[in-house]
Amino acid sequence: MDLKKMWEKYAVETKLNFSVISDFIGEHGTELVFKPNSVIISRGEFPNNVYFMKEGIAIGLRDYEDGRDYSYFQVDKTNGNIGLLEVLSRKEQYIATITCLTEVTVLRVDSAFVYQLIMSNLSLLRRCSVLLAEDLYSRSGNDGILYHYKGIDRLRYYLILYYENNRRQTESVCINNYYKDIASQIGVSVRTVGRSINKLKKLNEVSSTDRKLTMSKQQYEKMKQSIVYMDY
């Protein structure tokens, strides 16, 4: 049996966001609105609820078991659920603190209800399997690669991935993370990030508008040509 045909057969069951879950949960759940910079969940709390993003953008800090490696990530309504990972993996603590980059609207649903719903619905289980497999595949391919890069290419690699993960309908992407956040993620100082960004501006690989860093499709393509890729 052709694998690609089987993938195509189940191609519609690859997302698990509010637009999908709303068809299953009926009257369950409470809509909440959070202001920018407010906290949705805190790392270490028991995962009593799962939050499905309806509008806005949230960001989080995920800590790994060794206590050293961490990665900032972004959640919106296209990929947006908060707490589902902990519920499915049967962990008793949220692994990340999630804060609001913009005003955020979520649907808060009791975790026990969500877990029971998923476990008893084959379509939702398929969606979860793709969700987790894509995340694992992405991390398996990228973990450790960043630290083979030196100097400005380390920042280039980060920005290339950021562009690819955040482009939507528009070709231009706004880099929402602060310099200190970028520095923490790529393992350099804030000063180094600042110097490298100034160099990228002069090379026209990024732009700055109203104190916000942006990257166009043309700049993204130019940056991809500039970086010295590692073969690992």
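As a basis for the values below, the full set of heavy atoms in this structure was taken, side chains included, without hydrogen atoms, waters or symmetry mates.
- Within the 4.5 Å cutoff, side-chain heavy atoms of L107 are placed close to those of V109.
- Closest approach of L131 to N81, counting heavy atoms only: CD2-ND2, 3.9 Å.
- Here side chain to side chain donor-acceptor pair (under 3.5 Å) pairs that include residues 104-117, with residues two or more places apart or in two chains, are R90-Y115.
- Heavy-atom contacts from other residues, nucleotides or ligands closer than 6.0 Å to CZ of F46 number more than 12.
- Here the side chains of I82 and M53 are in contact, with some heavy-atom distance below 4.5 Å.
- A chain of hydrophobic side-chain contacts below 4.5 Å, direct or via other Ile, Leu, Val, Met, Phe, Trp or Tyr residues, connects F24 to I118.
- Note: S226 OG to M223 CE = 7.5 Å, rounded to the nearest 0.5 Å.
- Here the OH atom belonging to Y162 is positioned 12.5 Å from the CG atom belonging to L155, to the nearest 0.5 angstrom.
- In this structure, I40 and T99 have side chains that are not in contact, with every pair of non-hydrogen atoms separated by 4.5 Å or more.
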Run the side-chain contact (heavy atoms from CB on, under 4.5 Å) check on Y94 and E45 step by step: do they pass? CA-CA 6 Å; Y94 289 120; E45 293 178 347; 3.8 Å; yes
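- Cluster annotation: L88 is connected to V20 through the hydrophobic network of ILVMFWY side chains, with a link wherever side-chain heavy atoms come within less than 4.5 Å.
- Between the side chains of N177 and Y158, a donor-acceptor pair is found at a separation under 3.5 Å.
- In terms of hydrophobic clustering, with Ile, Leu, Val, Met, Phe, Trp and Tyr side chains grouped at heavy-atom distances under 4.5 Å, L203 and Y157 are assigned to different clusters.
- For the side-chain hydrogen bond (donor to acceptor under 3.5 Å, both in side chains) test, no residue two or more places apart in sequence or in another chain qualifies with R191.
- Environment of NZ in K222: crowded, with over 12 heavy atoms of neighbouring residues, nucleotides or ligands closer than 6.0 Å.
- The pair K35-E103 does not meet the salt-bridge criterion, since no charged nitrogen lies less than 4.0 angstrom from a carboxylate oxygen.
- Here Q218 contributes atom CD and S216 contributes atom OG; the two are 4.5 Å apart, rounded to the nearest 0.5 Å.
- Distance check: S172 OG to K217 NZ gives 12.5 Å after rounding to the nearest 0.5 Å.
- Inter-residue side-chain proximity for L117 and I25 is flagged as met; some heavy-atom pair is nearer than 4.5 Å.
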Please test C100 against N37 for side-chain contact (heavy atoms from CB on, under 4.5 Å), starting from the C-alpha separation and ending with a verdict. CA-CA 5 Å; C100 301; N37 299 316; over 6 Å; no
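- Considering R156, K199, K224 as possible partners of E205, the one that fulfils the side chain to side chain donor-acceptor pair (under 3.5 Å) test is R156.
- Annotation: side chain of Q219 is in contact with side chain of N204 (closest heavy-atom distance under 4.5 Å).
- Atom CD of E13 and atom CG of L124 lie 8.5 Å apart (nearest 0.5 Å).
- Between I57 and V75, every side-chain heavy-atom pair lies at or beyond the 4.5 Å cut-off.
- Evaluation of the side chain to side chain donor-acceptor pair (under 3.5 Å) test over residues 19-29, restricted to residues two or more places apart or in two chains, returns N17-S19.
- Taken to the nearest 0.5 Å, the CG atom of L213 stands 5.0 Å off from the CD1 atom of I197.
- Taking 4.5 Å as the limit, some side-chain heavy atom of L125 sits within range of a side-chain heavy atom of M119.
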Take V206 and I175 through the test side-chain contact (heavy atoms from CB on, under 4.5 Å) and record every step on the way to the result. CA-CA 10 Å; V206 295; I175 313 299; 5.9 Å; no
